[in-house]
Amino acid sequence: GLYSLVEQLSIKAGLKTIPLIYISPGSTLNAFAAGSRQDPAIALSRGVLHALSIDELSGILSHEISHLKNNDTKLMTLAGMFHRLTHFLSSLGLFIQILMLPFAIIGAGAINIATLPILLMAPTCSLLLQLALSRTREFEADMESALILGSPYPLANALQKLEALRKRSFNPFSAALPLPAPPSLFSTHPDTKERVNRLLTVARPS
């Protein structure tokens with residue numbers, strides 16, 4: 001049934017190659033896409049398969065298929081490479097500045113002080129840009145999931161259920177001690193409430 005569902009959603013999305021399905025034996029609530037349009041794959045944990053209804057699972061699968069269709073996995077790989085390159089070049093620049101310090105002290109060289117803040121901040125800035133890109137692609141995949149299914153509710157319901165289950169598993173006293181939300185700037189995924197609100201705007205009349 002799962003393979004048939006993935007095949008149907010892939011055809012509706014216009015994905016020419018049907019993704020391979022991998023099942024993780026863990027109870028964690030996880031699902032992600034890997035590969036590309038030409039060599040797609042989707043991994044699902046048993047926890048997700050047991051937690052979601054068929055309708056909700058369709059929302060999650062169409063979201064991951066959207067990532068594959070739009071080559072988001074390749075895009076985020078390139079973004080990660082750019083971040084690592086920025087980090088390497090910044091570290092190299094700082095190392096050279098440190099090597100120049102003894103020469104600067106004896107007056108045989110100079111350190112460009114103006115470049116130090118740039119070298120220090122560049123890795124953080126590139127990371128923030130990478131995370132912002134990731135959140136943007138998540139929003140786009142959410143919207144495309146609604147288009148594939150003709151309704152935003154399967155994914156919206158799945159996101160809300162998974163969020164509630166995650167909070168309960170991490171904090172059994174969540175009713176009394178709600179978990180603090182992570183800083184959005186340092187998250188790969190947008191806040192679930194914001195994702196659901198954006199999805200439901202599709203269902204509301206303009």
Side-chain angles (χ1 to χ4, degrees), residues 6 9-10 13-22 24 26 28-45 48 59-97 114-149 152 155-156 158-159 162-163 166 179-199 201-202:
V6 170
L9 293 172
S10 299
L15 194 64
K16 294 182 179 179
T17 305
I18 308 303
L20 296 174
I21 305 298
Y22 293 88
S24 166
T28 55
L29 303 171
N30 198 16
F32 61 90
S36 63
R37 279 196 297 252
Q38 294 74 31
D39 186 25
I42 296 174
L44 299 164
S45 68
V48 162
I60 294 295
L61 287 171
S62 57
H63 172 93
E64 301 304 336
I65 287 169
S66 298
H67 279 312
L68 293 167
K69 177 187 174 183
N70 297 316
N71 263 339
D72 287 341
T73 48
K74 278 191 173 181
L75 179 63
M76 293 314 302
T77 298
L78 288 173
M81 290 172 61
F82 176 78
H83 169 63
R84 289 190 290 273
L85 178 61
T86 303
H87 190 279
F88 170 76
L89 293 176
S90 295
S91 300
L92 181 62
L94 288 170
F95 179 68
I96 292 172
Q97 294 280 38
T115 62
L116 290 178
I118 298 173
L119 292 172
L120 290 169
M121 292 301 297
T124 301
C125 290
S126 69
L127 176 61
L128 291 175
L129 289 172
Q130 180 186 353
L131 295 174
L133 177 62
S134 175
R135 293 192 298 272
T136 300
R137 298 316 304 159
E138 289 299 320
F139 280 131
E140 290 297 323
D142 287 349
M143 293 299 108
E144 191 149 349
S145 168
L147 291 175
I148 293 170
L149 296 174
L155 180 57
L159 291 173
L162 292 175
E163 178 79 359
R166 285 192 184 105
L179 288 171
S184 59
L185 284 176
F186 294 95
S187 299
T188 56
H189 288 60
D191 178 67
T192 299
K193 186 176 180 180
E194 186 178 358
R195 292 176 69 182
V196 170
N197 287 339
R198 289 201 185 196
L199 276 166
T201 58
V202 178

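Values in this document were obtained by computation on a predicted structure and should not be read as measured data. The basis for the numbers below is simple: all heavy atoms, side chains too, and nothing from hydrogens, waters or symmetry mates.
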I'd like to know if the side chain of [X] reaches the main chain of [Y], judged simply by a donor and an acceptor atom lying under 3.5 Å from each other, with no hydrogens or angles considered.
X    : Y    : result
S10  : I18  : no
E138 : H189 : no
S45  : N30  : yes
D39  : G35  : no

Taking every non-hydrogen atom, the tightest pair across [X] and [Y]:
X    : Y    : value
I148 : A13  : CD1-CB, 3.5 Å
A114 : P117 : O-CD, 3.4 Å
K69  : R37  : O-NH1, 2.9 Å
T77  : R84  : O-NH2, 4.5 Å
L119 : G93  : CD1-C, 3.7 Å
P40  : L68  : CB-CD1, 3.7 Å

Lys NZ or Arg CZ of R198 over F139 ring: under 6.0 Å, within 45°: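 Geometry flag: set, cation within 6.0 Å and 45°.
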
So how far is it from [X] [atom1] to [Y] [atom2], rounded to the nearest 0.5 Å?
X    : Y    : atom1 : atom2 : answer
L92  : I96  : CG    : CD1   : 4.0 Å
S126 : M121 : OG    : CE    : 10.5 Å
I21  : L44  : CD1   : CG    : 6.0 Å
S187 : R135 : OG    : CZ    : 6.5 Å
T115 : L94  : OG1   : CG    : 8.0 Å
Q130 : L75  : CD    : CG    : 10.0 Å

Would you check if [X] and [Y] make a side-chain contact, meaning some heavy-atom pair closer than 4.5 Å?
X    : Y    : result
N197 : E194 : no
L199 : T201 : no
V196 : D142 : no

Polar contact flag, side-chain donor to acceptor under 3.5 angstrom, N70-E140: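 No, because no side-chain N or O of N70 sits under 3.5 Å from a partner of the opposite role on E140.
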
Sequence-distant partners of [X], side-chain contact (heavy atoms from CB on, under 4.5 Å), two or more places apart:
X    : answer
L149 : L9, S58, S62, S145, P154
L29  : V48, A51, L162, L165, R166
A141 : H63, S66, H67

